[in-house]
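Read the structure below first, then the notes.
For clarity, every value in this text was computed on a predicted model and none was experimentally measured. Only heavy atoms go into these numbers, but all of them, side chains included; no hydrogens, no water, no symmetry mates.
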Amino acid sequence: MTAPTASPALVQREAPPRAAYALEQAGVHPLLARLLAARGVRQPEELDDSLARLLPPATMKGAVEAGRLLARAIAERRRLCVVADYDCDGATACAVALRGLALLGAQRSELAYVVPDRAVHGYGLTPAIVDLARAQAFRSGGLAPEVLVTVDNGIASHAGVAHARAAGMQVLVTDHHLPAVVDGVVSLPDADVIANPNQPGCGFESKAIAGVGVMFYVLLATRAEQRAQGVYEGREQPRLDSLLDLVALGTVADVVKLDANNRRLVAQGLKRIRSGRMQPGIAALFKAAGREPARAAGFDFGFALGPRINAAGRLADMTLGIECLLTDDAVRAAELAQQLDAINRERREVESGMRELAERTLATFDTDAAGTTATPPAVTLFDETFHEGVVGIVAGRVKDRLHRPTFVFARGADGRLKGSGRSIPGFHLRDALDLVAKREPGLLLRFGGHAMAAGCTLADDEQDPSDAAVRRFGAALQRVAEEWLDRATLTRTLRTDGPLAVEWFNPQTVAVLDAQVWGQGFEAPLFCDEVQVVQQRLLQDKHLKLRLRHAGQERDAIWFGRTELLPDSARLAFRLSLDEWNGRQRVQMVVEAAAGG
């Protein structure tokens with residue numbers, strides 16, 4: 001018996017004709033004009049991805065004050081320590097901070113960083129991390145940091161911030177996560193400065209900016225403060241756009257919404273990479289992943305480079321990832337990229353084993369009289385063999401398959417049950433955890449996150465063989481899901497761009513589409529049409545290789561991860577890709593879904 005799979009409802013996006021016409025009249029490719037209009041682009045000016053169109057740093061609350069703090073610290077040659085995070089956003093934000101501060105005049109001997117170990121320290125600026133920074137950041141000189149700068153964390157680190165300030169350190173929090181809410185009131189840590197677009201009173205329009213983007217903006221504000229102080233009189237100011245390859249990688253890898261400002265940041269980073277202007281570590285990661293920088297796309301960040309950086313934080317030490325992004329030595333970068341590639345292969349093996357165990361559990365879901373699997377409105381999974389560094393990935397896979405909010409737990413190195421969750425539109429996961437905490441006092445030691453991704457630690461007895469805490473959590477989460485989710489929300493919907501005209505099936509069209517920035521909230525084109533299945537066979541026992549007849553022409557197609565054969569005719573959702581072999585290019589349909597199965 002196999003686990004159930006949520007069949008999507010295929011819904012076509014609406015493309016306002018006037019907007020599509022205005023874009024086409026401005027010189028945009030006709031197909032691209034329709035696709036952009038369907039994603040909310042209304043005017044040609046919105047497609048200007050120049051740096052001049054970026055939102056002003058001064059509009060981000062805390063950025064100007066952060067610039068003043070850092071400009072003064074650089075001028076006074078104070079010791080600065082960056083407190084990083086163990087995911088790709090945190091790693092790139094750390095690299096951007098250290099490289100940027102050096103560009104702005106900080107001496108290398110005055111810069112350091114620490115990064116928590118996922119299994120030992122947990123998340124964020126904890127008192128333990130503060131003590132680690134005091135003991136190790138500048139240990140060669142026996143000195144403690146004078147300024148702590150958090151990247152991609154800190155907004156909920158009340159105890160850590162207080163501990164650092166009590167030890168005489170200044171604390172600058174740069175973060176993009178939501179602050180904690182206590183008894184209906186937003187609670188912020190008592191840092192010297194907080195730069196975060198999601199803090200109360202911030203008018204910065206791009207609330208979806210990643211942690212690496214926030215740090216980049218703080219550097220822009222720092223340079224502006226230095227410029228106002230006359231630091232650059234008579235000489236050229238540092239070019240911070242040299243950091244945009246890192247900003248682009250962290251932004252896409254963190255799966256934040258690609259609003260207009262984020263798309264500009266990513267577009268600028270991609271332009272640099274395609275022209276060969278990138279950090280040695282980025283170039284090494286492209287090579288390790290078998291990708292070509294000259295043809296770089298957002299897809300490479302999300303599915304090739306990002307996972308290799310993230311693997312270090314999941315199974316090893318994120319220091320490897322950060323060092324790869326910091327080194328200016330191409331040979332050293334290549335060595336580190338190969339290590340990261342090996343760790344990522346190990347991560348895939350661990351994930352595969354966990355998914356097999358999860359499949360067995362999912363296959364036990366009850367079926368109704370008609371034989372239809374009755375999938376609960378929320379899923380919670382746990383096994384003593386699960387690895388805490390991979391629970392988030394497995395939760396995402398299960399969520400995608402079942403279209404249900406999913407939490408996966410593992411026992412951490414400290415003996416605690418640590419869970420990571422992924423959600424579906426319409427179910428705010430962090431708010432759900434807040435409700436669970438209120439209804440089940442004492443169950444959650446700590447929790448946090450976003451609408452679509454969150455984590456928590458349960459208060460349980462590691463000697464309890466009954467896993468009572470996990471079952472208690474699962475029941476509480478399911479009750480919330482039963483209250484919040486209806487049939488429509490629990491139905492997976494896949495938005496498509498409708499049929500693709502025959503004249504657009506060519507390599508030139510694929511090149512036009514690949515040159516754009518697509519991602520979360522600005523999804524890559526997904527077309528949908530009726531096809532006839534001419535031939536089909538399994539490839540490597542795990543992919544479906546297809547020969548399809550579409551609009552009177554036969555085309556090659558592949559459906560990755562699909563093992564069930566299709567009927568003679570089907571309505572398929574697909575994207576386009578270029579299949580290159582022996583110097584020849586062919587357009588291939590990559591199938592993502594079939595209506596009703």
Side-chain angles (χ1 to χ4, degrees), residues 10-56 59-60 197 203-210 213 216-217 241 244 247-248 251-274 295-302 425 452 493-501 503-506 508-529 573-577 592:
L10 303 181
V11 179
Q12 184 173 339
R13 290 184 176 87
E14 294 293 331
R18 288 187 178 180
Y21 178 76
L23 295 173
E24 188 174 345
Q25 289 299 109
V28 178
H29 186 284
L31 173 62
L32 185 59
R34 173 167 69 86
L35 298 173
L36 295 173
R39 286 156 179 77
V41 178
R42 295 292 176 263
Q43 302 294 332
E45 305 84 66
E46 297 177 54
L47 302 179
D48 183 356
D49 59 14
S50 65
L51 291 173
R53 291 296 303 272
L54 286 176
L55 295 173
T59 61
M60 180 183 291
F204 192 71
E205 294 178 17
S206 180
K207 302 299 183 183
I209 193 170
F216 179 71
Y217 263 80
D241 57 348
L244 284 169
V247 176
T251 298
V252 175
D254 210 43
V255 202
V256 296
K257 179 181 178 182
L258 290 188
D259 57 24
N261 203 64
N262 279 340
R263 292 202 306 276
R264 291 187 183 103
L265 291 171
V266 174
Q268 287 292 325
L270 284 172
K271 286 181 179 179
R272 294 190 65 85
I273 292 170
R274 290 167 183 164
R295 297 172 56 183
F299 185 89
D300 297 313
F301 294 146
M452 304 302 287
T493 299
L494 195 59
R495 301 179 70 193
T496 80
D497 295 289
L500 180 64
E503 61 264 31
W504 303 130
F505 274 88
N506 56 62
Q508 293 74 26
T509 298
V510 178
V512 168
L513 299 182
D514 286 351
Q516 304 303 307
V517 174
W518 312 102
Q520 183 72 17
F522 203 79
E523 290 78 11
L526 185 68
F527 306 102
C528 181
D529 214 343
F574 61 93
R575 57 183 175 86
L576 300 182
S577 74
E592 300 287 345

Does Pro425 reach the side chain of Met452, with side-chain heavy atoms less than 4.5 Å apart? yes
Any Leu526 side-chain heavy atom under 4.5 Å of Arg495 side chain: no
Quick one: pull up CD1 in Ile273 and CG in Asp300 and give me the separation to the nearest 0.5 Å. 8.5 Å
Is Arg39 reaching over with its side chain to a backbone N or O of Glu523, donor-acceptor style, under 3.5 angstrom? yes
For Arg42, the salt bridge (charged side-chain N to carboxylate O under 4.0 Å, His left out) test, sequence neighbours excluded, returns none
So do Gln516 and Leu35 actually touch side chain to side chain, heavy atoms under 4.5 Å? no
On a heavy-atom basis, the closest approach of Ala37 and Ala20 is CB-N, 3.7 Å
To check you understand the geometry: which heavy-atom pair defines the closest contact between Ala33 and Val28, and what is its length? N-CG1, 3.7 Å
Angle between ring planes, Tyr217 versus Phe204, binned at 30° and 60°: parallel, tilted or perpendicular? perpendicular
Heavy-atom nearest pair, Val252 first then Gly298, reads CG1-O, 3.4 Å
Would you sort out whether Leu270 and Phe301 count as a side-chain contact (heavy atoms from CB on, under 4.5 Å), showing the intermediate values? CA-CA 10 Å; Leu270 284 172; Phe301 294 146; 3.5 Å; yes
Hey, what do you get for CD (Glu205) to CE (Met60), rounding to the nearest 0.5 Å? 11.5 Å
Contact check, side chains of Pro44 and Gln25, non-hydrogen atoms, under 4.5 Å: no
For Pro499 and Asp529, the nearest pair of non-hydrogen atoms, with its separation, is CB-OD2, 3.5 Å
Rounded to the nearest 0.5 Å, how far does CG of Leu513 lie from CG of Leu31? 5.5 Å
Can you tell if the side chain of Trp504 reaches within under 4.5 Å of the side chain of Val512, non-hydrogen atoms only? no
Could you tell me whether the side chain of Arg272 reaches within less than 4.5 Å of the side chain of Asp241, counting heavy atoms only? yes
Exercise: identify the closest heavy-atom pair between Val256 and Thr251: CG2-O, 3.4 Å
Check whether any side-chain N or O of Glu46 sits under 3.5 Å from a backbone N or O of Gln43 as a donor-acceptor pair, and report yes or no. yes
Can a donor-acceptor pair be found, under 3.5 Å and without considering hydrogens, that links the side chain of Asp48 to the backbone of Arg53? no
Side-chain heavy-atom pair Thr509, Leu500 within 4.5 angstrom cut-off: no
Distance col, row Arg575:CZ vs Trp518:CH2, nearest 0.5 angstrom, shows 13.0 Å
If you count heavy atoms of other groups shown closer than 6.0 angstrom to CD of Glu14, is the number above 12? no
Hey, could you give me the CG/CD distance between Leu51 and Gln268, rounded to the nearest 0.5 Å? 4.0 Å
Any donor-acceptor pair under 3.5 Å linking the side chain of Asn262 with the backbone of Lys257? yes
For residues Asp514 and Arg295, determine if any side-chain heavy atom of one lies less than 4.5 Å from a side-chain heavy atom of the other. no
Of the non-hydrogen atoms in Leu10 and Cys528, which two are nearest, and what is the gap between them? CD1-SG, 3.7 Å
Within the side chain of Asn261, is there an N or O that forms a donor-acceptor pair under 3.5 Å with the backbone of Leu55? yes
Separation of Arg263 CZ from Leu47 CG (nearest 0.5 Å): 8.0 Å
